[in-house]
Amino acid sequence: MNKIIKGILLTAVLVLPVGADVSSEMVNRVVEHELENGMRFLIFERHDAPLVSMVIAVRAGSVNEVTNKTGLAHFLEHLAFKGTETIGTTNYRKERKKLEDLDAAFQAYYNAVESGAGDSTVRVLHDEFKEKQAVASEYVVQGEFSNIYERNGGVGLNASTSYDYTRYYITLPSNRFELWCAMESDRLTNPVFRELYSERDVILEERRMRTDNSPAGLFYEEFNSVSYKAHPYGEPIIGHFSDMKNLARSDVRDFYRTYYVPQNITAAIVGDVEAEKIIPVIDEYFSPIPAKPEPPELITVEPPQPGIRRVKMDIGRRPMLYMLFPTVPEGHPDEIALDLLASVIGQGQTSRLYRKLVEDEKLATYIYASHGTRLYSGFLFFGAGPTEQTTPEELEQAILDELQTLPENPITRTELDAALARWEVSLYDYISSNYYMAYLLATSDQGNEGWQYIFTSIREAKKITPEEVMETADKYINPDTRSVGIMEVEND
Amino acid sequence: MTKRHALLLFFLPLLTGLAKTKDPRDLEFPTRLEFTPHQVDYHTLSNGIEVFFVEDHEVPLTDIHFFIKAGENRIPGEYAGLAEICAYLITEGGSRTVPKRVFEDSLKNFGASFYGYSGTDEASFTLHLLSKHIPELLPMVVEAIRQPALPENQLAVNKGQYLIGYQSRNSEPSSVASRIFKKLIYGKNSPDVRETTPENLAKITLEKIAEFHKANYRPEHMMIGVAGDFEPKVMLDLLERYLGNWENPSENPWEEIPTYLDPAPGGVYYVHWPEAVQSNVRMGYEGIYRDAPDYPASRLFVEIYGGSWGSRLIKQVRVEKGYAYVAYGVLSSGFTEPGTFRILTSTKTETTVDAIQLILEITRDMKTKGVTEDELRFSKTSWLASFPAYYAEPEQVLFDRMRYAKYDFPLDFWDKLPDKIEPLEVTDVNAFASRFIETEKLVILVLGDSTAFHGSLSDIGEVTIIDPEEY
């Protein structure tokens, strides 16, 4: 055995399992601050560069939408950049009235179109709507909200909407922390959803770009919709075209009033600030936000899947396979074992599936697995691309065959240790960045597990045995309750 | 107590509770924030390899980056893709003494990763790991770079992946538009954009890869950057031990091919995409050099034109007209060749022509009407205030220093830029716009379904039709 190999194998035995002292120390560096209204702040000091990253996570996403109103959470996220009663307007008192006139004009025009009114009626109503839009726009100071941030050196200004959360991001020079407080407390308290109709056109373009004009986007949307029968996770986050065209300012306002309540919001602040000094500033700006009632609970529960669900589309140039097994929501006791299972069987080029199906049998050009959890459910997901000689169906069967060999070829301690080592590196990768640390802190604080989970999960993971991982494999990998998506090559 | 006083007291807590905090527009801060970026240290191994260190001890991770001038621009057209495949074989194929699976398992067992790719002018490799495993894994990956195993089976896997990639290259319309646009800008056979065809793959053999590796992976073409939680003295000793004795091969390195090989003339280029609900639009031409005297002015020009939320493109194309979700313009600068000026948007089929006309108008206005005092003030303040973000993480400082060292630029080039930006005036930015903007040079690529356009592309210019299967 040569020197390099011997050195590697010897050390592997000596150093595993890895420790996690750094993450334990980091838990103690997080300062928690909760206001009387229920809004929470998590502060992590890091003085490397004169910058501070802030992420606000609101526990409100597309999962909270109802029939006819898909896309609402995302629409609100866009409109949250349009300003407040003071920012983005020359005179809100007058503007408000014009916005009401505008909404009435739009509704009249929309109703005429929907009811099949004559061309001339529609044209007149459309012109009236456009006229009111022009009048309302006279009061708008376009882009003022984002301009204030940019003028102050803000970078990474953006937001995103997921099934469960809406998040708002910014990184600022650290001497501008008070600016963030002033901007965000105003946005959370007095938003004005102006420029709604032109922004809707922007979002429709976003939908065309991500989904309607993209074979991969369309395929994902179809696959996702068959994977859920009852739960709103089956609806697209961006919304259905017909719903988006019908969303009104009052819908956005109602959603905001219901879900953007202080107890649903956590802000994480990571960077060159001193917790002791910024807490009084936080109190000054965010304490006045009034407490509000708890948002309604989501009632719908996805029933157990009674059989295989399948979607097949021939819209692409490259065959593709998706497969999913329902699992558990975040915070469930089986979650970590399922994360480890996915890591061993399908993550990276040393995973079981990659070696077997890509390198040895050459049935796939790529394959990966992941365990995803959300607030209300989770899934073990497989994505793969067949080689020229293989059909997606053959690849699907090959994956199932490989999964069924697990009992006779169980997961080993060595494999688990490798997955844990990768987990540790990945954890450090995330938490060494101000932005990602803020993102994780804010999101997980609003999640089922709390922010400490970011740091403690690895300790929990180390307690899990290979046998426990095998038990979860047996429990959740049930070929009779899978969802399958196959994208075939488009027929010319 | 009078009734009035009682009422006042009753409302006092409420009024206090809703007291208006400061208006963000009234808050003032100094524009420039003085700070010292992370310290980067420089060393040279005994064979001349330059080494750059930046320490960061917060988490026990280290990244060791190897940059080698062995990119696609040294590969003749018939072997297009060879440099990249070589880089993949190095990271996925093992080394002379460590077989592929032992190599991969060693990394895996320590939670480490070793990844690499080849760009146009260099190949780069990164070993990303827990610092305590450096002594075991560094020698292994260095051996893979110096003496890769190049196994046949791995080449077959990589070739299969390239083949599928080539066959599916016309799947996503936005990717097709980007590919064809780059080919128009640089020339179809430019090493930056050419594709690896089945014919190329047939010619890429292990022998050819070994020949390329032997001639082009040489210490005189290598730079190393290390960032993270390591002990510099120990790291330097390790690098010296495993790389210091590497000698340049007797073979000459393969000749470099320029990136701008055969740019297409300005005009409209159309790719028909039946039933597209949205058109992908790309516009642009050759950019500028990093050492151009008006490079500082170009930074403010691009902020105002299309590089920020407050830019003209975003404001007019997205916010005012609602034509697009994405609309931006960037102007990159090169060190040995010019960068590129690129405009990107996608808009629903019906508004394709209107959106392009609007972008052209905005572009022309930058040249003919120039920028305003307000725009200049805004862009300058924003650029100067955001300067620390350029050095947010230690690795960003490391890469910055390595980039300027690689091209023999002053290492503090970027540090001195704020002093050059601050005194700029409207006339400086307008002079740049006037020199740089030439709308007739714009290559305008449209991928969509013209049968549903409102208006005609021929109103914009002479249209050349491109077949994506051929291009």
Side-chain angles (χ1 to χ4, degrees), chain A residues 2 4-5 7-8 11-12 15 22 49-51 86 142-143 146-148 150-153 155 157 171 173 175-176 178-179 182-183 185 198 201-202 205-206 208-209 212-216 284-285 288 316-318 349-350 358-359 362 365 385 387-388 417-418 421-422 424-425 428 431-433, chain B residues 17-19 21-25 27 29 33 35 58-61 92 97-98 102 104-106 108-111 130 132 136 139-140 143 157 160-161 163-164 167-168 170-173 276-278 308-310 315 318-319 322 324-326 346-348 378 381-382 385-386 388-389 391-393:
Chain A
N2 77 61
I4 290 181
I5 298 182
I8 294 160
T11 320
V15 298
V22 177
L51 294 160
T86 48
Q142 232 170 40
S146 50
N147 285 353
I148 292 172
E150 285 198 323
R151 195 169 54 234
N152 280 282
V155 295
L157 173 67
T171 294
N175 61 344
R176 263 81 163 179
E178 186 178 359
L179 178 82
M183 294 286 282
S185 59
S198 55
D201 289 341
V202 171
E205 290 296 346
E206 186 180 355
R208 288 185 187 99
M209 185 185 83
D212 301 319
N213 210 44
S214 159
E284 181 191 347
Y285 282 92
R317 301 291 177 100
R318 177 181 53 182
Q349 298 187 355
T350 53
V358 176
E359 291 186 347
K362 297 191 173 54
T365 53
T387 52
E388 259 196 317
D417 285 339
R422 195 159 52 229
E424 186 177 14
V425 170
Y428 293 145
I431 64 183
S432 54
S433 143
Chain B
L18 293 177
T21 42
K22 286 170 212 156
D23 185 323
R25 294 168 295 194
L27 296 170
F29 309 93
L33 198 52
F35 78 106
E58 190 183 32
V59 296
L61 286 183
E92 298 168 6
T97 63
V98 185
V102 178
E104 289 179 330
D105 284 344
S106 308
K108 177 174 86 166
N109 290 338
F110 290 131
L130 290 164
K132 61 189 172 187
E136 295 80 38
M140 186 181 84
E143 187 180 77
V157 169
Q161 289 164 335
L163 198 60
I164 292 288
Q167 288 164 348
S168 59
N170 287 327
S171 185
E172 289 294 318
V277 294
Q278 191 177 55
S308 67
W309 284 106
K315 206 170 151 189
R318 174 174 159 148
V319 180
Y325 173 65
V326 176
S346 49
T347 184
K348 65 181 167 295
F378 179 85
T381 315
S382 150
S386 66
Y391 290 139
E393 293 182 21

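So that the names make sense, note that chain A is the first sequence line, chain B the second, and so on, each numbered from 1. All values derive from a computational prediction rather than experimental measurement.
For the set Asp201(A), Val425(A), Asn152(A), Thr171(A), the entry with the most heavy-atom pairs within less than 4.5 Å of chain B is Val425(A). The choice from Ile431(A), Thr387(A), Leu157(A), Asn175(A) that makes the most heavy-atom pairs within less than 4.5 Å of chain B is Asn175(A). Among the candidates Ala324(B), Ser168(B), Ala389(B), Ala276(B), the residue making the largest number of heavy-atom pairs closer than 4.5 Å to chain A is Ser168(B). For chain B, the option among Lys362(A), Met183(A), Met209(A) with the highest count of heavy-atom pairs below 4.5 Å is Met209(A).
Residue Ser146(A) touches chain B through its side chain alone, counting heavy-atom pairs closer than 4.5 Å. For Gln142(A), the part lying near chain B is the side chain, with the backbone staying farther off; criterion is any non-hydrogen pair under 4.5 Å. Within the 4.5 angstrom heavy-atom criterion, atoms from both the backbone and the side chain of Val358(A) approach chain B. With a 4.5 Å cut-off on non-hydrogen atoms, Leu179(A) touches chain B through its backbone and its side chain both. Contacts of Glu393(B) with chain A are made by side-chain atoms alone, with heavy-atom separations under 4.5 Å and no backbone atom involved. Phe35(B) touches chain A through its side chain: at least one heavy atom from C-beta onward sits under 4.5 Å away, while N, CA, C and O do not.
Between the side chains of Ser214(A) and Glu172(B), a donor-acceptor pair is found at a separation under 3.5 Å. A donor-acceptor contact under 3.5 angstrom links the side chains of Glu178(A) and Tyr285(A), judged on distance only.
Side-chain contact between Gln278(B) and Asp212(A) is absent, with no heavy-atom pair separated by less than 4.5 Å. Using a 4.5 Å heavy-atom cutoff, the side chains of Leu61(B) and Leu130(B) are in contact. Residues Val277(B) and Lys348(B) have side chains not in contact (no heavy-atom distance under 4.5 Å, counting atoms from C-beta outward). You'll find the side chain of Thr86(A) reaches within 4.5 Å of the side chain of Arg25(B), heavy atoms only.
Looking only at distances, no side-chain donor or acceptor of Arg208(A) sits under 3.5 Å from a matching main-chain atom of Ser346(B).
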